[in-house]
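We name chains A, B, ... by the order of the sequence lines, and we start the count at 1 in each one.
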2 protein chains.
Amino acid sequence: MIAIGEAARLTGLSVETIRYYEREGIVEKAGRTASGRRAYTEREISELRFIKRCRDLGFTIQGACALRELSKAPEQACRDVEDVATRHLDNVRSKIAALQRLEQALAELVQTCTEGTASCPLLTALLNEPIAKEKINDT
Amino acid sequence: MIAIGEAARLTGLSVETIRYYEREGIVEKAGRTASGRRAYTEREISELRFIKRCRDLGFTIQGACALRELSKAPEQACRDVEDVATRHLDNVRSKIAALQRLEQALAELVQTCTEGTASCPLLTALLNEPIAKEKINDT
DNA sequence: CATGCACCCTGTAGTAGCTACAGGTTCAAG
DNA sequence: CTTGAACCTGTAGCTACTACAGGGTGCATG
């Protein structure tokens, strides 16, 4: 029998997170021992691990669940999986690009600082210059 | 007199966000008209704009407030400002690096997909391979 | 058999930074 | 005088957890 602490060790999730997944219905309620403790099967450990890996790849819980459902499909909808993953990859790339623009803007601002002018140029910029920004939805 | 809707237009923040900043004490409570509507001064608009720009640069609210306090310092602590910004820049760079590792991992997985194997290789990988991940605190 | 300690349980509140109402008042134009 | 936009307060929801509080259980040691 696998207790929740062991499950945490096996999956890399925390005990609290596993309980949270159950509470939120992200995974099915685990079976209980006579005294009410959670008991996990190998299958359930695999599922938790699957979700953990999706999360580590930056998928949302929703995305992870979508992938899990696809993985259960009779003919394993590989094309659909690829679509989901590709869309997420695009998303990650957009985020990288956005952060790189940010990095550029910040680096320029910090640069002005090292030129030892009178009143802080970085602050002046923050008071006067608009900054481009965009929003990217998670997948 | 500048009403909240106008303030929103002037700063790029939403009306709800401006009210939220007030509620949370992030900015001082704005003055009111006789009928209880918020009335903003140019100074307050500048402050909101300052915070908005910090946020757009990826600073946390806390970071934005710290910068605002520095901007009020008698001798404009430019060195301190630079420190804060530089630390944040490092942070942004760490995030970019983390996302790039993610991108790499995802791209490899998606790549395996386009090779038309039998049971979806991406799913297989999610079921079997551990994924490296790290955590970065915001600034 | 008692004790102690690690582990487990449920339930609740907090995190960041908003967003989205509901249910009501006020202002300005026609 | 009516209509519609804009405003008000207050509360709940979002993501994905984390962190308790206050208790119960299981096992090894003395």
Which one, C:dC27, D:dC8, C:dC8, comes nearest to the side chain of A:Ile4?
C:dC8

Rounded to whole Å, the CD1-P distance (B:Ile18 to C:dC18) equals 11 Å

Looking only at the side chain of B:Thr17 (C-beta and beyond, no hydrogens), which of the listed nucleotides C:dC18, C:dC9, C:dT25 gets closest?
C:dC18

Rounded interatomic separation in angstrom, taking CD from B:Glu24 and C1' from C:dG14:
13 Å

Among C:dC18, D:dC7, D:dC20, the one nearest any side-chain atom of A:Glu16 is D:dC20

Between C1' of D:dC7 and CE of B:Met1, the distance in whole Å:
11 Å

What contact category does A:Arg19 fall into here, base, sugar-phosphate, or nothing, at under 4.0 angstrom with non-hydrogen atoms?
base

From the list C:dC8, C:dG17, C:dT26, which nucleotide is the closest neighbour of the side chain of B:Tyr20?
C:dG17

Does A:Leu57 belong to the same Ile/Leu/Val/Met/Phe/Trp/Tyr cluster as B:Leu127, with side-chain heavy atoms less than 4.5 Å apart forming each link?
yes

Between CD of A:Glu82 and CG of A:Leu89, what distance do you get to the nearest 0.5 Å?
10.5 Å

Send over the distance from A:Arg37 CZ to D:dG23 P, rounded to a whole Å.
17 Å

Ignoring hydrogens and angles, answer whether the base of D:dA16 and the side-chain atoms of A:Arg55 contain a donor-acceptor pair closer than 3.5 Å.
no

Once you round it to whole Å, what is the distance between C1' of C:dC18 and NZ of B:Lys52?
12 Å

Please work out if B:Arg23 contacts a base, only the sugar-phosphate, or nothing of the nucleic acid, heavy-atom cut-off 4.0 Å.
base

Flag for A:Gln104-A:Glu108: side-chain donor and acceptor within less than 3.5 Å
yes

A:Asp138 atom CG is separated from C:dC18 atom P, nearest whole Å, by 15 Å

Comparing B:Lys135 and B:Ser35 on DNA chain D - which has the more 5′ nearest nucleotide:
B:Ser35

Any idea which of D:dC8, C:dT10, D:dT18 is nearest the A:Arg38 side chain?
C:dT10

To the nearest Å, how far apart are A:Arg9 CZ and C:dC8 C1'?
12 Å

Given C:dC8, C:dT26, C:dC18, which nucleotide is nearest the side-chain atoms of B:Ile61?
C:dC18

Does atom CZ (A:Arg43) have a neighbourhood of more than 12 heavy atoms from anything else shown, all under 6.0 Å?
no

With the side chain defined as heavy atoms from C-beta on, A:Ala3 is closest, among D:dT25, C:dC8, D:dC7, to C:dC8

Can you find a donor-acceptor pair, distance only, under 3.5 Å between A:Glu6 side chain and C:dC7 base?
no

Mind calculating the distance between OH (B:Tyr21) and C1' (C:dC18) to the nearest angstrom?
8 Å

Donor-acceptor pair, A:Glu69 side chain versus A:Ala66 backbone, under 3.5 Å?
no

